[in-house]
Number of protein chains: 2
Amino acid sequence: MPKDRAPTRIQKKNRAAILEAALNVFSAHGFRGSTVDQIAAEAGLSKPNLLYYFPSKEAIHTELLSGLLETWLAPLHDLDEDGDPMEEILAYIRRKLQMSQELPRESRLFANELVQGAPRIHEALSKDLKELVDEKTVILTRWMDQGKIARVHPYHLMFSIWALTQHYADFEVQVRAILGEEDPFEGADPFVDTLYRKLLTP
Amino acid sequence: MPKDRAPTRIQKKNRAAILEAALNVFSAHGFRGSTVDQIAAEAGLSKPNLLYYFPSKEAIHTELLSGLLETWLAPLHDLDEDGDPMEEILAYIRRKLQMSQELPRESRLFANELVQGAPRIHEALSKDLKELVDEKTVILTRWMDQGKIARVHPYHLMFSIWALTQHYADFEVQVRAILGEEDPFEGADPFVDTLYRKLLTP
DNA sequence: TCTTGATTTGACCATCTGGTCAAACTCACG
DNA sequence: CGTGAGTTTGACCAGATGGTCAAATCAAGA
């Protein structure tokens with residue numbers, strides 16, 4: 001294990017390679033379905049060498065999850081109470097959909113964790129996520145009070161946005177099995193736009 | 001392994017117990033995250049005894065999946081082209097939501113499989129599911145042509161229904177982390193009802 | 001160039017896991 | 001009862017897996 005000085009060039013490169021490889025493997029097979037050997041091979045390292053940079057398989061997984069949680073929640077952070085309500089919400093949705101398209105591995109990493117009861121990020125959910133959602137819920141509710149958007153249950157509105165947008169990454173196989181050659185996001189974008197416009201128009 | 005005569009009383013009981021236990025374990029930990037010992041313990045059997053009834057861990061999993069697929073798709077089968085369009089669709093959605101509530105293990109069993117690329121049911125997806133969806137899509141499109149419901153992309157309409165309803169089972173931890181004590185389905189039911197009414201009203 | 005810390009690895013270990021097997025036990029039925 | 005099929009299990013095995021360690025190799029600054 002490297003000392004806690006400033007990381008060397010090699011440390012930076014290898015740690016990054018490991019996390020990248022782990023993202024591939026964990027998102028495709030889940031925690032228990034992934035092996036350290038697999039990750040090491042994908043990162044171009046030997047197993048002992050990988051374990052020189054991270055103390056354990058679990059440590060890699062934890063670091064991935066906590067490192068990516070911020071990225072994952074960023075779009076919601078950006079929801080601006082001073083912007084136009086409908087446009088702010090639609091922009092959030094569009095950005096979430098874009099993340100499904102561009103970061104499907106991240107989406108599936110979280111999906112794997114959540115489906116199995118989120119044993120490793122339960123705390124982050126009921127603290128960081130809950131806090132952020134509650135903060136934004138206040139804004140949504142105010143908009144509803146002002147008649148700027150239709151009144152709906154704000155939590156369920158949030159759930160629906162997450163469900164709809166992440167569905168395209170998490171259940172990509174199913175989507176592709178139905179759509180065939182058609183590009184999923186080509187149709188998804190106007191669909192969700194229409195859906196939330198109709199739902200939220202007062 | 002029992003001969004292929006009519007199953008005895010004990011065979012019926014034990015096979016049922018094994019499948020029930022396996023549903024618990026597989027839905028909570030995924031295929032690779034589950035062990036035969038776990039399933040055997042949950043079923044109240046020894047490992048060798050369990051393997052007397054099923055040839056392998058994989059065989060249990062496969063039987064579970066294929067056995068439950070029909071149940072899972074039943075609500076869509078029931079979509080009746082002769083009924084009232086809006087009410088038929090809303091009834092389908094309500095039934096899917098109810099299944100999320102009453103059969104969360106089944107939902108998570110499929111979710112686990114799908115997130116990881118559906119290695120074991122890929123075929124069923126692109127055959128049975130695709131076929132059923134295409135059949136019902138024809139009905140939806142006709143309703144749209146007749147102006148009975150608003151025109152939206154029928155495949156994406158289907159995805160949105162699956163995503164929204166199954167979200168409550170598959171990501172239950174997250175939903176509960178946000179909602180706290182509040183009953184998820186209490187709010188979900190009117191929310192999705194409103195959502196699809198607004199979306200589909202011409 | 002030399003030295004020292006950083007990096008890499010082959011060999012190894014303990015444990016877990018899916019699966020086997022022969023022997024023992026139980027049950028239903030003639 | 002007795003008997004043969006159905007059922008159960010302790011002991012066991014092979015391979016996979018997470019992780020360790022001492023020794024070897026490498027890299028960069030003095």
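The figures that follow rest on heavy atoms only: side chains count, while hydrogens, waters and symmetry mates do not. Here is how names work: the chains are called A, B, and so on, in the same order as the sequence lines, proteins then strands, and each is numbered from 1.
- Remark: C1' of C:dG19 and CG of B:Leu45 are 16 Å apart, rounded to the nearest angstrom.
- Taking atom CG of B:Leu51 as the reference point, atom P of D:dT7 lies 15 Å away to the nearest angstrom.
- Residues A:Asp189 and A:Arg94 are not paired through a salt bridge, judged by the lack of any N-O separation under 4.0 Å between the basic side chain and the carboxylate.
- Not a single donor-acceptor pair under 3.5 Å links the side chain of A:Lys96 to the backbone N or O of A:Ile161.
- For the pair B:Arg32 (side chain) and A:Ser34 (backbone), a donor-acceptor distance under 3.5 Å is absent.
- Closest-nucleotide positions on DNA chain C for B:Lys57 and A:Leu50 were compared, and the one nearer the 5' end corresponds to A:Leu50.
- Each of B:Ile10 and B:Pro48 lies near DNA chain C, and the nucleotide nearest B:Pro48 is the one positioned closer to the 5' end.
- Here D:dT17 presents its C1' atom at 12 Å from CD1 of A:Ile39, a figure rounded to the nearest Å.
- Between B:Tyr168 and A:His156, the gap from one ring centroid to the other is short of 6.0 Å.
- Phosphate proximity of D:dG6 to B:Thr8: absent, as no side-chain N or O sits under 4.0 Å from OP1 or OP2.
- The separation between B:Lys12 atom NZ and D:dG6 atom P is 16 Å, rounded to whole Å.
- Listed pair B:Asn49 / D:dT7 fails the phosphate criterion, with no side-chain N or O lying under 4.0 Å from OP1 or OP2.
- Neither OP1 nor OP2 of C:dT8 sits under 4.0 Å from any side-chain N or O of A:Tyr52.
- Comment: B:Arg105 engages B:Glu20 in a salt bridge, judged by a side-chain N to carboxylate O separation of less than 4.0 angstrom.
- For B:Arg32, a side-chain nitrogen or oxygen approaches OP1 or OP2 of D:dT17 to under 4.0 Å.
- Residue pairs that meet the ring-ring contact (aromatic ring centres under 6.0 Å, His included) test with at least one member in residues 76-97 of chain B, sequence neighbours left out, do not exist here.
- The residues B:Arg15 and B:Glu63 are annotated as salt-bridged, a charged nitrogen and a carboxylate oxygen being separated by less than 4.0 angstrom.
- The one candidate from B:Arg142, B:Lys148, B:Lys136 that meets the salt bridge (charged side-chain N to carboxylate O under 4.0 Å, His left out) condition with B:Glu81 is B:Arg142.
- Note on B:Lys130 versus B:Glu135: no salt bridge recorded, every NZ/NE/NH1/NH2 to OD/OE distance being 4.0 Å or above.
- Between the C1' atom of C:dT17 and the CZ atom of B:Phe31 lies a distance of 12 Å, rounded to the nearest Å.
- Summarising the geometry, the separation between CG on A:Asn14 and C1' on D:dC26 is reported as 13 Å, rounded to the nearest angstrom.
- An OP1 or OP2 oxygen of C:dC27 is reached within less than 4.0 angstrom by no side-chain nitrogen or oxygen of B:Arg9.
- Residues of residues 18-26 of chain A having a heavy atom closer than 4.0 Å to DNA chain C: none are found.
- Direction change of the helix axis from one end of the helix from C:dT1-D:dA30 to C:dG30-D:dC1 to the other is 10°, with five pairs defining each end axis (rounded to 10°).
- Between B:Arg15 atom CZ and D:dT7 atom P there is a gap of 11 Å when expressed in whole angstrom units.
- Put simply, the side chain of A:Glu88 does not reach to within 4.5 Å of the side chain of A:Ile139, judged on heavy atoms.
- We find that NZ of A:Lys13 is positioned 17 Å from P of C:dA6, with the value rounded to whole Å.
- Taking only side-chain nitrogens and oxygens, B:Gln11 never comes nearer than 4.0 Å to OP1 or OP2 of D:dG6.
- The base of D:dG19 lies close enough to the side chain of A:Lys47 for a donor and an acceptor atom to sit less than 3.5 Å apart.
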